[in-house]
Amino acid sequence: MRSFSLKECAISVALAAGLIIGMPSLDSSPMAYAAHPSLPDLSVLISGPPIKDPGALLRYALPIDNKAIREVQKPLEDITESLKVAGVRGLDSVERNVKQASRSLKQGKSLIISGLAESKKDHGVELLDKLEIGMEELQQIVEGRNRDAVAPKQKELLKYVGDVEEDMVDSFPYEVPEEYRSMPLLKGRAAVDMKVKVKDNPNLEECVFHIVLDGYNAPVTAGNFVDLVQRHFYDGMEIQRADGFVVQTGDPEGPAEGFIDPSTEKTRTIPLEIMVDGEKAPVYGSTLEELGLYKAQTKLPFNAFGTMAMARDEFENNSASSQVFWLLKESELTPSNANILDGRYAVFGYVTENEDFLADLKVGDVIESIQVVSGLENLVNPSYKIAG
């Protein structure tokens with residue numbers, strides 16, 4: 001049977017209630033395609049959480065369980081939808097969001113503080129004070145009907161919320177399986193800036209993509225990538241696939257399709273690593289489909305434009321090495337946790353700034369550099385420090 005494109009698959013399901021037959025394969029050959037079996041439950045395929053914002057996905061992916069801070073977070077995030085409503089009605093809705101968030105913060109502040117890690121409590125309380133002041137400022141912005149100032153202030157407040165939530169994580173929450181424990185691991189989060197030089201594009205000459213890497217949910221995958229970044233592995237490498245479905249890179253020159261570790265002279269590979277929502281540690285080496293977990297939700301779904309994941313050989317789960325891709329996705333056509341990719345490829349981060357420009361990249365555009373800008377201290381077992 002022939003392979004369908006992502007959009008063809010989704011439209012055929014949505015309009016004809018047919019079965020998914022296939023979609024582009026994200027294996028380590030940049031242009032490879034293969035057919036996939038269908039999922040047995042169509043209701044899974046056409047449902048899924050609507051969260052598309054990468055910042056929100058990262059906040060909800062933190063290993064915390066504090067209802068009080070989530071009740072502050074949710075109405076602040078809902079401001080985005082409120083702003084889509086034109087005119088006075090939109091601002092009235094924003095005002096309700098702000099009042100709800102302020103009320104939740106006031107009522108739940110003691111519970112939020114009690115959820116802070118002891119070593120980070122002072123910092124968290126300081127952030128909460130800033131959040132309270134910021135909410136008052138946002139209320140004044142709304143009362144003054146300054147619509148243009150709402151979104152920037154919302155972004156600032158959600159940054160405070162996310163930082164408070166990170167201050168609730170005391171330490172890395174689980175043990176990585178022993179067979180992977182000596183590999184480079186990212187035990188926490190890190191952020192990188194990827195600077196791309198764009199060729200033959202009058203609309204864009206250069207762009208810096210800010211990417212947040214989530215080691216809480218993918219420590220082996222994110223650790224491998226940060227280690228390669230520190231080796232400057234990607235610096236000077238071209239974009240190797242840009243087809244409207246994904247942007248992909250990471251295939252080095254020569255016959256090898258991955259990173260050759262100079263200390264072993266062999267390709268370094270990493271296991272398929274997927275965190276299931278509700279579980280305390282990732283599953284390794286198997287897709288969720290192979291495990292029969294058809295309805296399981298992934299903690300890091302392919303639900304945002306610019307979702308970052310590892311490419312691998314189609315029929316070898318543990319073959320990922322250095323090739324990475326970013327999904328260019330219309331979420332309405334490919335619902336999260338039900339789009340064939342979720343549970344099949346390891347997501348380990350999201351582009352959080354300038355993600356829209358990914359669609360402008362073309363094969364041959366050059367990654368000038370990728371630099372770690374925060375969180376390098378969370379990398380353990382860094383192999384880039386080993387001579388050779």
Asker: Should we say atom CD of Glu179 is surrounded by more than 12 heavy atoms from elsewhere, each under 6.0 Å from it?
Answerer: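 Buried by this count: over 12 neighbours within 6.0 Å.
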
Asker: Tell me, yes or no, whether the heavy-atom count around Lys362 atom NZ, taken from other residues, nucleotides or ligands under 6.0 Å, exceeds 12.
Answerer: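 Atom NZ in Lys362 is packed in, count exceeds 12.
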
Asker: Around atom CD of Glu377, are there more than 12 heavy atoms from other residues, nucleotides or ligands closer than 6.0 Å?
Answerer: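 More than 12 heavy atoms, drawn from other residues, nucleotides or ligands, come within 6.0 Å of this atom.
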
Asker: Side chains of Glu143 and Gln139: any donor to acceptor distance under 3.5 Å?
Answerer: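 Yes, Glu143 and Gln139 have a side-chain donor paired with an acceptor closer than 3.5 Å.
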
Asker: Does Lys120 use its side chain to pair, donor to acceptor, with the backbone of Val169 at less than 3.5 Å?
Answerer: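 Judged by distance alone, yes, a pair lies under 3.5 Å.
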
Asker: In plain terms, say whether Asp235 and Lys195 are close enough for a salt bridge, that is, a side-chain N and a carboxylate O under 4.0 Å apart.
Answerer: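 Not counted as a salt bridge, because no side-chain N and carboxylate O are separated by less than 4.0 Å.
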
Asker: Tell me whether Glu178 is salt-bridged to Arg181, with the criterion being a basic N under 4.0 Å from an acidic carboxylate O.
Answerer: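 No.
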
Asker: Does a donor on one side chain sit under 3.5 Å from an acceptor on the other, for Ser321 and Glu257?
Answerer: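 Result is no, nothing qualifies.
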
Asker: Would the number of heavy atoms belonging to other residues, nucleotides or ligands and lying under 6.0 Å from CG of Asp122 be above 12?
Answerer: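 No.
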
Asker: Sequence neighbours left out, what passes side chain to side chain donor-acceptor pair (under 3.5 Å) with Lys74? Give chain and number order.
Answerer: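 For Lys74 the side chain to side chain donor-acceptor pair (under 3.5 Å) partners, ignoring immediate neighbours, are Asp78.
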
Asker: With side chains defined as the heavy atoms from C-beta onward, is the minimum distance between Leu300 and Leu57 less than 4.5 Å?
Answerer: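 With C-beta onward as the side chain, the pair stays apart.
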
Asker: Decide whether Ser82 and Arg96 meet the rule of one side-chain donor and one side-chain acceptor closer than 3.5 Å.
Answerer: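 There is no such pair (donor and acceptor under 3.5 Å, judged by atom type) between the side chains of Ser82 and Arg96.
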
Asker: Could you tell me whether Lys121 and Glu118 make a salt bridge, using a distance below 4.0 angstrom between a side-chain N and a carboxylate O?
Answerer: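 Yes, this pair counts.
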
Asker: Which residue is it: Thr307, Leu361, Val247? I am looking for the one with a side chain to side chain contact (heavy atoms under 4.5 Å, CB included) to Trp326.
Answerer: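 The single option meeting the side chain to side chain contact (heavy atoms under 4.5 Å, CB included) with Trp326 is Val247.
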
Asker: Take Tyr234 and Phe225, measure what ring pair (Phe, Tyr, Trp, His ring centres under 6.0 Å) needs, and give me the verdict at the end.
Answerer: CA-CA 10 Å; Tyr234 298 98; Phe225 180 76; 5.2 Å; yes

Asker: What side-chain donor-acceptor pairs closer than 3.5 Å can you find for residues 211-219, not counting sequence neighbours?
Answerer:
| unit_1 | atom_1 | unit_2 | atom_2 | d |
| --- | --- | --- | --- | --- |
| Asp214 | OD1 | Arg189 | NE | 3.4 |
| Asp214 | OD1 | Tyr216 | N | 2.9 |
| Asp214 | OD1 | Asn217 | N | 3.4 |
| Asp214 | OD2 | Arg189 | NH2 | 3.0 |
| Asp214 | OD2 | Asn217 | ND2 | 2.8 |
| Asn217 | ND2 | Ala61 | O | 3.0 |

Asker: Does a side chain donor of either Gln73 or Arg70 reach within less than 3.5 Å of an acceptor in the other side chain?
Answerer: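 Yes, because at least one side-chain N or O of Gln73 sits under 3.5 Å from a partner of the opposite role on Arg70.
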
